[in-house]
Amino acid sequence: MNNKKYIFSFVALLALGVTDIAKASVVNQTKGSFEDKFRQLDEVLPTPNGYRNAAGEPGERYWQQQVDYKIDVTLDEARRRLSGKEEITYHNNSPYTLKYLWVQLDQNIFKPDSMANQSNNFGGIGRRGPKTQIGNGKEPAKLSLGELRRQQFMADNELGYEIHGVTDNVGKALSFTTVGTHMRIDLPQPLKPNSQLTFNIDFAFNIVEEDAVSARSGYEHFADDARPGGNDIFLLAQWFPRLHAYTDYEAWTNKEFLGRGEFTLEFGNYEVNITVPADHIVSATGELVNAQEVLSATQLERLEQAKHAKRPVFIVTEEEALENEKAGTSKQKTWQFRADNVRDFAWGSSRKFMWDAKAYHQNSKETPMVMAMSFYPKEGGDLWKKYSTESVIHTMEVYSRFSFDYPYPTAQSVNGPVGGMEYPMITFNGPRTELQEDGSRTYSQAEKRFLIGVVIHEIGHIYFPMIVNSDERQWTWMDEGLNSFLDGVAGREWDPNIPWGVEPRDIVDYMKSEIQVPVMTQSDSVLRLGPNAYTKPAVALNILREVILGRELFDFAFQEYAQRWKFKRPTPSDFFRTMEEASGVDLDWFWRGWFYTTDHVDIAIDKVYKLRLDTHNPDIDFARLRTIEQNKPSSLFVERNKAEGRTLWIERNPDVRDFYDEHDRFTVTNKERNKYQAFLKSLKPWERRTLERAVQEDKNYYVLEFSNLGGLVMPILLELTYMDGTTEQQYIPAEIWRRTPKKVRKLIVTDKGKEIQSVVVDPGWETADVDVENNHYPRQIIPSRLEAFKAKKRTQKVHRDIMQDIKTELAPEKEKDETQEK
């Protein structure tokens with residue numbers, strides 16, 4: 001190391017005005033208070049092993065179980081009851097011997113004594129379904145009518161599974177024990193590695209009314225239909241006893257189903273026979289294998305047309321569905337579906353359904369054509385006719401770019417009582433039209449946006465987590481957050497004017513709130529699920545893509561993650577490690593801040609110092625000092641004396657003058673000049689060249705001082721505005737905070753003539769900074785959030801049904817005056 005070189009560099013820094021380097025590095029830090037925001041996550045993440053390696057990919061000994069189902073199920077429409085028999089084949093691909101199996105009994109959540117019902121906190125945060133409100137001393141506690149309806153429905157109906165038998169493949173009874181929403185089946189012989197077991201379960205349950213209990217499935221009743229007694233739409237999910245996942249990281253994932261945390265399941269092959277009233281149309285996971293038996297010749301012909309149509313083709317038209325609604329039948333049909341390599345099975349059934357379809361063609365050897373289909377009643381109207389199936393196809397086009405070709409033969413959107421829910425190849429989506437007095441059906445812009453958004457989101461879930469099979473019971477954000485990020489990409493490629501809720505500005509209020517927990521919180525313990533599991537991780541990924549990594553690196557790494565874990569079960573550590581390993585960027589600081597803490601982003605610019613290099617040339621430096629002195633504001637006293645016309649003593653007595661009346665303290669003498677020449681001679685050649693160039697270029701040196709008030713370190717995005725009106729964007733990596741996480745200083749050097757007029761931190765609101773008022777130097781007057789909110793409310797009445805309101809006739813002038821007076 002050349003010691004003299006480093007000494008000179010230090011002198012140069014002193015010349016720029018940084019007089020205490022050590023002090024500058026520990027600003028706002030007391031003894032022992034240092035916090036390393038860039039501490040590696042190795043101590044938090046599980047140790048890599050043969051199942052999951054350090055790169056975040058499946059290890060050489062990765063394994064997962066397989067569970068195959070053959071199910072016969074019958075829908076009793078009149079009793080709103082389901083009964084079924086299933087043959088389950090369990091493949092033990094693990095290296096461990098199993099003495100028992102755990103089965104999910106999700107319908108048991110509706111039993112009065114379920115843990116979910118017994119642990120409901122009255123008026124509590126994060127409660128799913130109808131709301132309650134605790135008293136506050138001035139007002140009594142309140143129960144909504146929706147909550148009363150829920151209680152009454154559950155009191156009037158026997159809910160939960162009826163398990164009529166569990167037998168082995170020769171009909172011998174197997175011992176089982178029900179534990180809340182689980183059932184343990186004790187095996188007569190341990191199931192060894194690389195072996196399989198077939199057994200049977202007979203079950204039945206009464207279907208819940210979804211609107212009454214706020215479930216993920218159920219029936220919806222239409223009392224006003226022409227058919228006596230009305231009609232129902234049935235959406236069936238979590239309807240059959242199914243195996244819990246057995247994993248390398250947790251063993252049995254048999255955590256009680258409390259309603260919030262969703263599901264952890266195994267892949268398998270399904271053969272499902274669904275018996276329903278003969279006039280019902282059925283939509284289901286998988287491919288219809290007996291179409292010749294349940295569809296008419298006309299319907300089959302229309303399905304063929306849909307394979308090459310530009311727009312969706314109606315398999316069941318609106319007129320046919322309306323006619324179908326009127327009668328009903330006592331006859332039955334059995335629809336047979338097959339689905340390979342799926343982790344779940346759901347279906348919908350109703351005589352109200354119209355059905356449209358259009359093929360999506362992709363460059364895939366395995367699945368070159370996917371049938372995109374929608375099923376909906378008359379209440380769906382033109383909104384569903386125009387946008388549902390087209391939204392399904394748009395989703396596949398965008399998501400496949402970021403992950404892999406859609407691997408299944410169908411992708412379906414079904415309208416019913418469930419606002420939005422996803423299953424392999426089928427999704428349940430809620431928005432509808434409004435019936436007007438003139439018989440027309442209209443919808444608001446908000447309903448249109450809702451439909452497009454929810455279809456994109458739920459179809460997107462077929463990729464995450466139905467194919468990239470993350471553990472929803474533990475980590476909601478791994479499916480909802482990643483999917484919300486991608487549905488924001490797909491949505492903004494549809495219409496960027498729709499507020500998709502994934503921009504950094506959409507999360508700032510939540511990030512500074514007190515009612516939050518880290519993203520890495522188990523699903524049932526999250527306080528506010530929407531912001532925590534959907535918006536915050538989606539925003540984080542947006543920032544990671546657009547600000548930190550850039551699109552090329554991010555997209556490569558994200559696609560690598562999707563393809564590594566296609567049809568496998570990733571954990572958060574696999575995602576974190578893959579994104580780092582494939583992008584080549586250390587992101588531990590990012591995961592730690594955004595996913596493991598409740599810190600927020602609030603970077604303030606505190607001060608800007610303008611410095612100038614000391615040339616050591618007295619003719620230059622003293623002239624600069626004289627200019628600085630002359631540009632200082634003069635004394636108010638002096639200015640007022642001048643205004644009064646007062647003359648100075650030295651003006652009245654010009655004959656009494658000396659040397660200092662002709663020379664100020666900035667007058668240069670030969671002594672200073674000789675000293676300067678001696679200084680130049682003491683420099684090495686390269687030092688003199690460096691100094692002379694710096695003097696000639698006469699650049700501007702600014703020191704910008706920043707504070708990290710929110711705790712979450714982030715890159716500092718700067719917009720510099722110069723005196724000549726031009727602007728420049730600068731990017732300071734987050735690593736600037738690695739030694740002093742609370743306060744940093746940054747030297748900005750600009751060319752001669754490019755003097756900075758103002759500085760703005762995060763001018764495009766790209767980092768979720770919660771306080772924009774401290775982002776300006778000099779400070780600016782910023783409209784308060786209250787005024788901005790009022791302005792938004794005045795200009796955006798999002799639920800206006802303009803399609804209907806436009807029909808209103810203009811009132812005569814007199815009538816308008818009377819209306820205004822009222």
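Keep in mind the model is a prediction, meaning the values are calculated, not measured.
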Verify side chain to side chain donor-acceptor pair (under 3.5 Å) between Glu434 and Thr442, making sure each step is shown before the conclusion. CA-CA 5 Å; Glu434 185 75 20; Thr442 61; over 6 Å; no

Can you tell whether the side chains of [X] and [Y] come within less than 4.0 Å, N to carboxylate O?
{"X": "Asp382", "Y": "Arg441", "value": "no"}
{"X": "Arg80", "Y": "Glu209", "value": "no"}
{"X": "Arg338", "Y": "Asp340", "value": "yes"}
{"X": "Asp344", "Y": "Arg242", "value": "yes"}
{"X": "Lys352", "Y": "Glu379", "value": "yes"}
{"X": "Arg343", "Y": "Glu472", "value": "yes"}
{"X": "Lys333", "Y": "Glu293", "value": "no"}

Asp405 vs Ser400, side chain to side chain donor-acceptor pair (under 3.5 Å): CA-CA, chis, key distance, verdict: CA-CA 5 Å; Asp405 293 330; Ser400 294; 4.8 Å; no

Phe153: which residues meet the ring pair (Phe, Tyr, Trp, His ring centres under 6.0 Å) condition with it, sequence neighbours left out?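 Counting only residues at least two positions away or on another chain, Phe153 forms no ring pair (Phe, Tyr, Trp, His ring centres under 6.0 Å).
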
Assess the side chains of Ser470 and Asp479: does a donor N or O sit below 3.5 Å from an acceptor N or O?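 Not at all, the side chains of Ser470 and Asp479 share no donor-acceptor pair under 3.5 Å.
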
So does Asp224 have more than 12 non-hydrogen atoms from other groups sitting under 6.0 Å from CG? no

Please step through side chain to side chain donor-acceptor pair (under 3.5 Å) for the pair Asn206 and Arg81, ending with a clear verdict. CA-CA 4 Å; Asn206 296 319; Arg81 180 174 172 84; 3.0 Å; yes

Let's go through Arg473 and Glu256 carefully: what are the C-alpha distance in whole Å and the side-chain angles of both, what is the deciding distance for side chain to side chain contact (heavy atoms under 4.5 Å, CB included) to 0.1 Å, and is it a yes or a no? CA-CA 9 Å; Arg473 185 64 55 87; Glu256 180 74 9; over 6 Å; no

Parallel, tilted or perpendicular: which describes the rings of Tyr406 and Tyr408, with under 30° parallel and over 60° perpendicular?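 Taking Tyr408 first and then Tyr406, their aromatic rings stand perpendicular (interplane angle over 60°).
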
If the plane angle is over 60° it's perpendicular, under 30° parallel, otherwise tilted; pick one for His457 and His461.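 Perpendicular: the ring planes of His457 and His461 meet at over 60°.
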
Donor-acceptor pair, His221 side chain versus Asn231 backbone, under 3.5 Å? yes

If only atom types and distance count, is the side chain of Tyr161 paired as donor or acceptor with the main-chain N or O of Thr181 below 3.5 Å? no

